[in-house]
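Okay, so here's the structure we're looking at.
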There are 2 protein chains.
Amino acid sequence: MWERSQMIVGTLPRWEAGRKARVASTLEEIAVLSGVSRSTVSRVINDDPRVSEATREHVLRVVRREGYRPNLTARGLASGRTNVIAAVIPVGFENVLSDPYFPSLLHGMATAADAQDHFLMLSLGEPGFRHTVDEIARQGVVDGVVFSASQTDDPLLSPLIATGTPVVSVGRPDDARVSFVDVDNEGSARQITSHLLRLGHRRVALIAGPSFAPAARDRSHGFRSAVASHGLRVDENLVYEGLFSEASGRAGMRALLEHRPDAVFAASDRMAAGALNEIRAAGLRVPEDIALAGFDDMPLAREMEPPLTTVRQRPERLGEAAVNLLLDLMADPNATPKRVMLPTELIVRASCGSYLNQETLSRQERGHLQ
Amino acid sequence: MWERSQMIVGTLPRWEAGRKARVASTLEEIAVLSGVSRSTVSRVINDDPRVSEATREHVLRVVRREGYRPNLTARGLASGRTNVIAAVIPVGFENVLSDPYFPSLLHGMATAADAQDHFLMLSLGEPGFRHTVDEIARQGVVDGVVFSASQTDDPLLSPLIATGTPVVSVGRPDDARVSFVDVDNEGSARQITSHLLRLGHRRVALIAGPSFAPAARDRSHGFRSAVASHGLRVDENLVYEGLFSEASGRAGMRALLEHRPDAVFAASDRMAAGALNEIRAAGLRVPEDIALAGFDDMPLAREMEPPLTTVRQRPERLGEAAVNLLLDLMADPNATPKRVMLPTELIVRASCGSYLNQETLSRQERGHLQ
DNA sequence: GCGTAATGTGGGAGCGCTCCCAGATGATCG
DNA sequence: CGATCATCTGGGAGCGCTCCCACATTACGC
């Protein structure tokens, strides 16, 4: 039921259009005003050391007085660099409701870009968009691209690589040619699974992410490796492949329950939330009957009842690292592909039934890890 | 308690750098290859009608065969337009956790921009950022700006206007010179308040947004106007000014409870969520003891217990409308400022204690509204 | 004192486009 | 059949910068 208010288009009182403040707007003008050549002004603007201190000061004074700003388009044309980098965000990113992953990622990218005097251009990897990122790259608008990996081996990536534009992926891509930043999904999954095992659980189930996603595969490997290193073998009945979504978490838990797990590691917090609902629906309790752990540490994890033990990753840091890596790559165009792994944190909360206090547990785990 | 995995920087196996596919890359080259002049190719590329059909076809064939893309930087320098618009997102936007407002807004802007062959540049309005949007505008990188109003009269806005760059604000700004898109906050607030009053509530309280935010002021006016038009006067004890946040909603509700409201309109869903918690903590029930309504219809509203009656606004539509309005303004540089009001929907859920079914209520309200 | 650097500075060419004007061609018409 | 016009095409002049090379000036060595 709803009432719809109407759309209104109106006109505001006319206002004396803000005349642009009168400013000297070209290098040439500044040159004339300060009695030097265009070249010298250019050197001053670009912090070229081959300018005498006196000249520099004088020119800078004129520049400031006139409020001069170099025209970046002209600079781009002459120098072949635009100082713009593109951020490619995958399909349907706004549907990832209540998940601040992409906003945080973007924030990190914007921060790093700004700090290094670059600009961020947003490119959505949606089907139906007319301007794909490879086209943008080929039109010379951007110097490099941060590719925020879609869940699958994205069809946008290959054409982009073919343009020769420097690319950094956020999250390990399928294509081994591209540099990337990522968290240690495998190690983190191993760590949190070990945590469950050390608490005495023996039938630890896995609600995995989709196998086409490298991050999901890595987390599954970590899980398996942890189980194996505790001298157990993985019961395939206790492994379910979901889609990272809450719904698939529920479905997974429903399937797993009949095999009576005593603990569950869900490869995303959202799947863990779904699993929790299903466990409740079955009349069981967390953590008393089944221990539960997730991955991501999104805000949701803290707010769950009970709060969720999980692995914290920091999307903002990923974004910063991606941009910094990209800028490195751009500086040295025939550098070899690089990878950067960012640290994660194991966040222990009530959902795994740890009765040890944090101090103790911390010491235990450290001991175990070395 | 946490364990920190280490940061790792590694090198990937060297890969034969993807040589750029050999492509003709300038107008001049295409001109030579197709035996016409640079000017003619330019006309073809820009859909200029003054080209014979035969020539056009021929040139287009060559263009396609060579995979030629015009260099947008050069075009920008020559034409004075870059086809780039900036989106300014206010301070701390990633902190608005679990609120998909900005992602949706950006998505809408990106969609509209792409459809009209423009690019979106992201500019964060954070203190500490080196490159403010007015500077970006003055450097000639963008043709126009969509300013996503921060809560307060943003200090970034004035310098931006002074540059003479076309600006559209999302949400009514304090400055009357700028065009904007917005939802009808006042009308929508009046409507949802009337809804509460028509359900028989007489002591309807308001948890308002911060008075420095135009949207908050408008919603408060709507509330007051509805109360007045029902022949009641506003009890100032039943009005609390919050900050749109959940915490301020709780605090507001705590203050209001002693004045025994029978209904509460919170000017944001987050404040409504806070109010709900406080009502519960006081041992009261929603909607039996106190009816509750919010504003925004964020996902949270649907998931609350009970689900929240609220006003739905669509950030994505706002983003699209803002970009479209901006492009209109850019096309006609000395147009008068314009405003566009987008429709909202009253979403009736259980929290207001409506015992009427939706059909009936809908008819009633329609009758009442005309 | 002169050669040789080192240090500053100026000017030209050119980045790849757009935009304007001039010219060529053919159609139309009194 | 020349004048007039519409239609199409070509070339020049820039847009505001960077980058390179040439030149002027001063510093330093023996």
Side-chain angles (χ1 to χ4, degrees), chain A residues 20 23-60 62-63 66-84 117 119 136-143, chain B residues 20 23-60 62-63 66-84 117 119 136-143:
Chain A
K20 305 197 187 202
V23 294
S25 51
T26 71
L27 265 192
E28 198 72 53
E29 293 183 56
I30 298 295
V32 171
L33 286 171
S34 42
V36 298
S37 76
R38 189 170 26 90
S39 304
T40 301
V41 180
S42 173
R43 289 189 191 100
V44 171
I45 295 297
N46 292 293
D47 273 328
D48 189 308
R50 305 170 301 175
V51 181
S52 72
E53 207 42 52
T55 313
R56 176 186 310 281
E57 297 258 305
H58 176 229
V59 172
L60 275 180
V62 176
V63 164
E66 301 293 317
Y68 167 77
R69 295 283 144 179
N71 180 311
L72 294 191
T73 306
R75 175 178 286 179
L77 181 58
S79 69
R81 306 168 244 113
T82 60
N83 277 27
V84 176
D117 300 319
F119 303 99
I136 292 170
R138 291 183 47 211
Q139 300 193 117
V141 256
V142 300
D143 293 343
Chain B
K20 304 197 185 201
V23 293
S25 52
T26 72
L27 266 192
E28 198 72 53
E29 292 183 57
I30 298 296
V32 171
L33 286 171
S34 41
V36 298
S37 76
R38 189 171 27 89
S39 304
T40 300
V41 179
S42 173
R43 288 189 192 99
V44 171
I45 295 295
N46 293 293
D47 274 327
D48 190 307
R50 308 171 299 175
V51 182
S52 71
E53 206 42 51
T55 313
R56 177 187 308 282
E57 297 259 303
H58 175 230
V59 171
L60 274 180
V62 177
V63 164
E66 301 293 317
Y68 166 77
R69 295 283 144 180
N71 179 311
L72 294 190
T73 307
R75 175 178 285 179
L77 181 58
S79 69
R81 307 168 243 114
T82 60
N83 276 27
V84 176
D117 300 319
F119 303 101
I136 292 169
R138 292 183 46 209
Q139 299 194 113
V141 257
V142 299
D143 293 342

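If you're wondering where the values come from, they're calculated on a predicted model, not measured in any experiment. In what follows, chains are A, B, ... by sequence order, proteins preceding strands, each numbered from 1.
Nearest heavy-atom pair, A/Ser34 versus A/Val41, reported as atom, atom and distance to 0.1 Å: OG-CG2, 4.4 Å. Contact detail for A/Arg138 and B/Tyr68: the closest heavy-atom pair is NH2-N, 4.4 Å.
Proximity of A/Ser37 to the phosphate of C/dG10: a side-chain N or O atom is located under 4.0 Å from OP1 or OP2. OP1 or OP2 of C/dT18 lies within a sub-4.0 Å distance of a side-chain N or O belonging to B/Ser42. Between B/Tyr68 and the phosphate of C/dG16, there is no side-chain N or O to OP1/OP2 separation shorter than 4.0 Å. Contact between the side-chain N/O atoms of B/Asn71 and the OP1/OP2 oxygens of C/dC15 is not found at any separation under 4.0 Å.
Side-chain atoms of A/Thr73 do not come within 3.5 Å of backbone N or O of B/Leu77 as any donor-acceptor pair.
In this structure, B/Asn46 places its CG atom 13 Å from P of C/dC20, rounding to the nearest Å. Taking atom CD on B/Glu28 and atom P on D/dG10, their separation rounds to 12 Å, with Å as the unit. Taking atom CG of residue A/Leu72 and atom P of nucleotide D/dT18, one finds them 9 Å apart after rounding to whole Å. D/dT9 atom P lies 11 Å from atom CD of B/Glu53, rounded to whole Å. Rounded to whole Å, atom P of D/dG16 lies 15 Å from atom CD1 of A/Ile45. The interatomic distance linking B/Glu57 (CD) with D/dC8 (P) rounds to 14 Å, in whole Å.
In this structure, A/Thr55 reaches the sugar-phosphate backbone alone: every heavy-atom distance under 4.0 Å involves primed, P, OP1 or OP2 atoms, never a base. Among the atoms of the strands shown, only primed sugar atoms or phosphate atoms (P, OP1, OP2) are found under 4.0 Å from some heavy atom of A/Arg81. When heavy atoms are screened at a 4.0 angstrom cut-off, B/Arg75 is found touching the sugar-phosphate backbone but no base atom.
Distances were taken from every side-chain heavy atom of A/Leu77 (C-beta onward) to each of D/dG10, C/dG16, C/dG10; the shortest belongs to C/dG16. For A/Arg43, counting side-chain heavy atoms from C-beta on, the closest listed nucleotide (C/dG11, D/dG10, D/dG16) is C/dG11. Each of C/dC17, D/dG16, C/dT9 was ranked by its minimum atom distance to the side chain of A/Ser52; first place goes to C/dT9. If you check D/dC17, C/dG16, D/dT9 against the side chain of A/Ala78, the one that comes closest is D/dC17.
Of the two residues contacting DNA chain D, namely B/Arg56 and A/Leu27, the nearest-nucleotide position lying further toward the 5' end is that of B/Arg56. If B/Arg50 and B/Thr73 are placed on DNA chain C by their nearest nucleotide, the residue sitting closer to the 5' end is B/Thr73.
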Quiz prompt | Audit row: A/Val36, A/Arg43, side-chain contact (heavy atoms from CB on, under 4.5 Å) steps and yes/no | solution = CA-CA 11 Å; A/Val36 298; A/Arg43 289 189 191 100; over 6 Å; no
Exercise. Might you work through the side-chain contact (heavy atoms from CB on, under 4.5 Å) test for B/Ile136 and B/Val142, ending with a clear yes or no?
Key: CA-CA 7 Å; B/Ile136 292 169; B/Val142 299; 4.1 Å; yes
Practice problem: Apply side-chain contact (heavy atoms from CB on, under 4.5 Å) to the pair B/Asn83 and B/Asp143, showing each step before the final yes or no. | Solution: CA-CA 6 Å; B/Asn83 276 27; B/Asp143 293 342; 4.2 Å; yes
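A donor N or O paired with an acceptor N or O is found under 3.5 Å between the base of C/dT18 and the side-chain atoms of B/Arg38. Between the side chain of B/Ser39 and the base of D/dG11, at least one donor-acceptor pair of N or O atoms lies under 3.5 Å.
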